[in-house]
Amino acid sequence: MDSYKYTVLLVDDEEEVIQVIMKKIDWEGLGFSVIGYANNGVKALEMVEEYQPDVVMTDIRMPYMDGMELAHRIREEFPGTKILIFTGFDEFEYAKEAVHLEVEEYILKPVNSVEMTKVFGQMKAKLDQEISEKRNAETLQRYYLESLPLLQANFYTTLIEGRIREEELEKYLQDYQISLPGPCFCCLVVHTSATQTPEGMSPLLLSTSVQKQAQERLEKRWRTKEFAYLGNTVLLAQLQDENEISELTDECDRFCRYVRRMIGAVVTVGIGEVCRNILDVSKSFAGAREAVSYRGIYGATRAINIREIAPQENREAGAAGEEEQTRLFKMIRLGSGKEVAQAVERYWNHIFNPQDSLQQHHVAVMELVSALYRFAAGNEIELDEEQASENMGELYARLSDMEPENLKNWLLEISLSFREKLITARSRSTKSFVIKAMEYVQNHYSDEDISLDHVCEILGVSGSYFSTIFKKETGNSFIGYLTDYRMEQAARLLIGTNEKSYIIAKQVGYGDPNYFSYVFKRKYGVSPSKYRTEHTERDR
């Protein structure tokens, strides 16, 4: 713990104050490093989102967003971050609100280096203790022993496996004292990497700690039931209605980043579909497990919602005895061309036996073709002209007459074809909503209330998924794109019209002309008035 450096973000609209603080304090000696500073609350919140500092030290009186609002937003969205308030305004009401927000300390200007050193020394001890408790092996062992009672865990396992009959449900709930009022349910699969663990940490204890953290972060809001299953943590979440799924996805995404920072765990949360009947959670669980398997495409340390990445897919689990077929279809969805070829080989060896009778061979061919075409229909894969024009009877007859090697080659060819079409469809789907978001900005940039959450609500996706895809497709964040587009329009209006700056600010979505000038100067390096003068003189 001694070598760990905690991060601090300083926030004050007076840069000279920040410079004094940075120079007066022996940050390294105290075990801290200053990751940067911001001169207003809006910029500070952006930096908190990007860097997730351990401590934010902020003034109260600042433009655009004051320290109280900043503290409130941090406490709401990043509860693990500690907050220190310092200000020259010794007002009792401010102090009371700081206490209400669970602010660690309230310091008056001018800043005293002795007092600051004492405060940050105490802060270091508190942070050390918190992380030590989360990483301490004895504590983790206690968490493990305090897991859900065996009977309840057995019930949840049986439920997600689809082995509870409707007539048995009420008796189980009463006997095991389980309350599941719903009215909507959703399964979450929390996968903790066993290969990427902090030095000296047992994968089992790390996974147990993640389960405990998930319980602490999600249980109150989502009334989750937690249990271990097949090496993962499974959470059964309860929602008021289906539309809350985007909010749940975003919260799970923040949770993944939180445990990565706090205990060094690499976690992916798969989110299944929402259902209203508790007996249907087995389908939600199957979707959540599949969502986790997409981490190879979308990356770990994040939440993956199955409805967002594969909204049209039919994700019914394969019947008993179809393990190799299920594996083949999974590789078509997720694997490389080489992995698809290997899955075809395994499936072929499993299904087609040289000792089979002619009738058995024909039945196997019929089952194969039916499964492939059901998969294509369930995933909305458009068949090639030749595939679509040939009726089932003709296809069965043609394939049944093929030599075994030729039939296997046909299976490989169509499997690779389906894989390519899924990749294309997935890319087209993500590009589609990115284009829709950009078009929305272009049509509504003058609206002051436009926000990431608002656009995600219109598109029907979670903020975490949207932000990842938008950045991947455009190279810019959504807020960055919105700001750039507004500034481009502002620059055009400054050169092409004689409108006052405050009028133009309103036209491009800024109610505060001072903040508009601040953002414009950050973009172009000069104030709006100077920009107009420079470009007007150049055009003469």
*Rounded to the nearest 0.5 Å, what's the gap from OG on Ser477 to CG on Leu482? Could you check?*
9.5 Å
*Minimum heavy-atom separation for Cys186 to Gly272, with atom names?*
SG-O, 3.2 Å
*Taking the side chain as every heavy atom from C-beta outward, state whether Ile504 and Leu494 have any pair of such atoms under 4.5 Å apart.*
yes
*Please confirm whether Phe478 and Tyr481 have ring centers closer than 6.0 angstrom.*
no
*Between Thr224 (side chain) and Glu226 (backbone), is there a donor-acceptor pair under 3.5 Å?*
no
*asked:* Given 3.5 Å as the limit, does a donor-acceptor pair link the side chain of Asn443 with the main chain of Glu439, or not?
replied: yes
*Between atom CG of Leu218 and atom CG of Leu188, what is the distance when rounded to the nearest 0.5 Å?*
7.0 Å
_Is the shortest side-chain heavy-atom distance between Leu206 and Pro198 below 4.5 Å?_
yes
*What is the ring orientation for His444 with Tyr440, classed by angle as parallel under 30°, tilted 30 to 60°, or perpendicular over 60°?*
parallel
Show me the donor-acceptor pairs within less than 3.5 Å that the side chains of residues 24-33 make with the rest of the protein, sequence neighbours left out.
from  : atom 1 : to     : atom 2 : distance (Å)
Lys24 : NZ     : Val111 : O      : 3.0
Asp26 : OD1    : Gly29  : N      : 3.1
Trp27 : NE1    : Met22  : O      : 3.4

*Does the side chain of Tyr6 come within less than 4.5 Å of Met123's, by heavy atoms?*
no
*asked:* Please report the interatomic distance CD(Glu290) to CD(Glu273), rounded to the nearest 0.5 Å.
replied: 9.5 Å
*Would a 4.5 Å heavy-atom cut-off, applied to side chains only, mark Met57 and Tyr37 as touching?*
no
*Over 12 foreign heavy atoms within 6.0 Å of CD, Glu457*: no
*For a side chain to side chain donor-acceptor pair (under 3.5 Å) with Ser462, tell me which candidate from Glu247, Arg307, Glu308 qualifies.*
Glu308
*Is there a donor-acceptor pair closer than 3.5 Å between any side-chain N or O of Thr268 and the backbone N or O of Ala300?*
no
*For Glu242, enumerate each residue passing the salt bridge (charged side-chain N to carboxylate O under 4.0 Å, His left out) test, keeping only those at least two apart in sequence or located in another chain.*
Arg276
*With sequence neighbours excluded, what pairs up with Arg73 under the salt bridge (charged side-chain N to carboxylate O under 4.0 Å, His left out) test?*
Glu77
*Sequence neighbours excluded, which residues qualify as side chain to side chain donor-acceptor pair (under 3.5 Å) partners of Glu251?*
Trp222
*Short side-chain to backbone donor-acceptor contact, Ser209 and Leu205, under 3.5 Å*: no
_Separation between CD1 of Ile479 and CD of Glu46, rounded to the nearest 0.5 Å_ = 8.0 Å
*Side-chain donor-acceptor contact under 3.5 Å, Tyr515 with Asn40*: no
*Residues forming a ring-ring contact (aromatic ring centres under 6.0 Å, His included) with Phe78, sequence neighbours excluded*: none
*Excluding sequence neighbours, so at least two apart, what forms salt bridge (charged side-chain N to carboxylate O under 4.0 Å, His left out) with Lys523?*
Asp484
*Would you confirm whether Arg217, through its side chain, and Phe255, through its main-chain N or O, come within 3.5 Å as a donor-acceptor pair?*
no
*Would you mind reporting whether Asn305 and Ile245 have side-chain heavy atoms less than 4.5 Å apart?*
yes
*asked:* Rounded at 0.5 Å granularity, tell me how far OG1 in Thr192 sits from CD in Gln211.
replied: 9.0 Å
*Name all pairs fulfilling the side chain to side chain donor-acceptor pair (under 3.5 Å) condition that reach into residues 110-121, sequence neighbours left out, sorted by first residue then second.*
none
*Look at the rings of Tyr524 and Tyr531 and say which category their plane angle falls in: under 30° parallel, 30 to 60° tilted, over 60° perpendicular.*
tilted
*asked:* Which residue in the set Arg261, Lys82, Lys5 passes salt bridge (charged side-chain N to carboxylate O under 4.0 Å, His left out) when paired with Asp54?
replied: Arg261
*Any sub-3.5 Å donor-acceptor pair from Thr81's side-chain atoms to Pro53's backbone N or O?*
yes
*Say whether, by atom type as modelled, one donor and one acceptor occur between the side chain of Arg223 and the main chain of Gly182 under 3.5 angstrom.*
yes
_Assess whether a salt bridge exists between Asp250 and Arg254, defined as any Lys/Arg side-chain N lying under 4.0 Å from an Asp/Glu carboxylate O._
no
*Measure from the side-chain N and O atoms of Asp12 to the backbone N and O of Ile18, and report whether any donor-acceptor pair falls under 3.5 Å.*
no
*asked:* What I'd like to find out is whether the side chain of Thr474 reaches to under 4.5 Å of the side chain of Val434, using heavy atoms alone.
replied: yes
*Of all residues at least two apart in sequence or in a different chain, which pass the side chain to side chain donor-acceptor pair (under 3.5 Å) check with Lys126?*
Glu104
*Under the side chain to side chain donor-acceptor pair (under 3.5 Å) test, which residues partner Arg492, sequence neighbours left out?*
Gln489
*Tyr510 side chain reached by Val519 side chain, heavy atoms, under 4.5 Å*: yes
*asked:* When you compare the side chains of Tyr258 and Gln52, does any donor N or O come within less than 3.5 Å of an acceptor on the partner?
replied: no
_Within-4.5 Å side-chain heavy-atom neighbours: Ile85 and Thr58_ = yes
*Okay, side chain of Thr497, backbone of Leu493: is any donor-acceptor separation there less than 3.5 Å?*
yes
*Sequence neighbours excluded, every pair satisfying ring-ring contact (aromatic ring centres under 6.0 Å, His included) that has a member inside residues 482-504*: Tyr445-Tyr485
*Can you sort out the partners of Glu14 under salt bridge (charged side-chain N to carboxylate O under 4.0 Å, His left out), two or more places apart, ordered by chain and number?*
Lys109
*Could you check Ile304 against Val269 for side-chain contact (heavy atoms from CB on, under 4.5 Å), going step by step and ending with a plain yes or no?*
CA-CA 6 Å; Ile304 303 175; Val269 177; over 6 Å; no
*Dump the intermediate steps for salt bridge (charged side-chain N to carboxylate O under 4.0 Å, His left out) on Lys212 and Glu219, then the final yes or no.*
CA-CA 10 Å; Lys212 183 67 176 177; Glu219 184 177 48; over 6 Å; no
*Tell me the salt bridge (Lys or Arg N to Asp or Glu O under 4.0 Å) pairs involving residues 443-455, sequence neighbours left out?*
Glu448-Lys506
*Atom CZ of Phe86 and atom CD1 of Ile60: how far apart are they, to the nearest 0.5 Å?*
10.0 Å
*Charged N to carboxylate O below 4.0 Å: is that the case for Arg61 and Asp13?*
no
